[in-house]
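Remarks on the structure that follows.
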Amino acid sequence: MEVIMAFAIGFLFMAAVYLMLSKSLLRIIIGTGLLSHGAHLLILTMGGLGGSAPPVLSEGVTNMADAIPQALILTAIVISFGVTAFFLVLAYRAYQELGTDDMNLMRGTDEDDE
C-alpha cells in the first residue's frame with residue numbers, strides 16, 4: 001500500500017510543480033492546492049498506514065493508530081483551505097484591476113517604475 005501511496009504522492013508533486021511553473025495565475029493556485037494535498041498524503045503515509053485499531057488507550061491494546069499525523073493533517077487541511085481561498089480572492093481582484101491573469105503581463109514594464 002505504501003508503494004501505491006508513494007506513486008500517488010509523486011504524481012501530485014509532479015503535477016503541482018508543473019502547474020506552479022505556468023504563466024496563468026489560476027494554474028498556479030491549483031498547483032498550490034495539489035501540492036498541499038500531496039503533503040497531506042505524505043504526512044499520512046509517513047505516519048504509518050498499519051494501525052487498524054482506533055487511537056484509544058486501554059489495557060491490553062498493542063496495535064493502535066497514531067493520532068498525531070491525523071491531527072496534523074486536519075490542521076493542515078483547514079490552513080490550506082484558508083490560503084487557497086485567500087489566493088482566489090487575490091487573483092480575482094488582480095484580474096479585475098489588470099484585466100489579465102498572465103504573470104508576464106502582470107509584471108509590468110520599466111516605464112511603470114518611473
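All residue numbers refer to positions in the sequence shown, counting from 1. Bear in mind the structure is a predicted one, so any value in this text is a computation, not a measurement.
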First locate atom [atom1] of [X], then atom [atom2] of [Y], and finally report the distance between them rounded to the nearest 0.5 Å.
X     : Y      : atom1 : atom2 : result
Leu42 : Ile9   : CG    : CD1   : 5.0 Å
Leu25 : Leu105 : CG    : CG    : 12.0 Å
Met5  : Met46  : CE    : CE    : 9.0 Å

Query raised in the report: Closest approach of Leu19 and Arg27, non-hydrogen atoms and distance?
Result: CB-O, 3.5 Å
**Report entry** Those residues that, when tested against Ser24, pass side-chain hydrogen bond (donor to acceptor under 3.5 Å, both in side chains) (two or more places apart)
**Finding:** Asp101
Residues 28-37, side-chain donor-acceptor partners within the protein, below 3.5 Å, at least two apart:
{"residue": "Thr32", "atom": "OG1", "partner": "Ile29", "partner atom": "O", "Å": "2.6"}
{"residue": "Ser36", "atom": "OG", "partner": "Gly33", "partner atom": "O", "Å": "2.7"}

Would you list the atom pairs, donor with acceptor, under 3.5 Å between side chains in residues 71-94 and any protein atom, with sequence neighbours excluded?
{"residue": "Thr75", "atom": "OG1", "partner": "Ala71", "partner atom": "O", "Å": "2.9"}
{"residue": "Ser80", "atom": "OG", "partner": "Ala76", "partner atom": "O", "Å": "3.1"}
{"residue": "Ser80", "atom": "OG", "partner": "Ile77", "partner atom": "O", "Å": "3.0"}
{"residue": "Thr84", "atom": "OG1", "partner": "Ser80", "partner atom": "O", "Å": "2.7"}
{"residue": "Tyr92", "atom": "OH", "partner": "Gln96", "partner atom": "NE2", "Å": "3.1"}
{"residue": "Arg93", "atom": "NH1", "partner": "Gln96", "partner atom": "OE1", "Å": "3.2"}
{"residue": "Arg93", "atom": "NH1", "partner": "Glu97", "partner atom": "OE2", "Å": "3.3"}
{"residue": "Arg93", "atom": "NH2", "partner": "Glu97", "partner atom": "OE2", "Å": "3.1"}

Query raised in the report: Around atom CG of Leu21, are there more than 12 heavy atoms of other residues, nucleotides or ligands at under 6.0 Å?
Result: yes
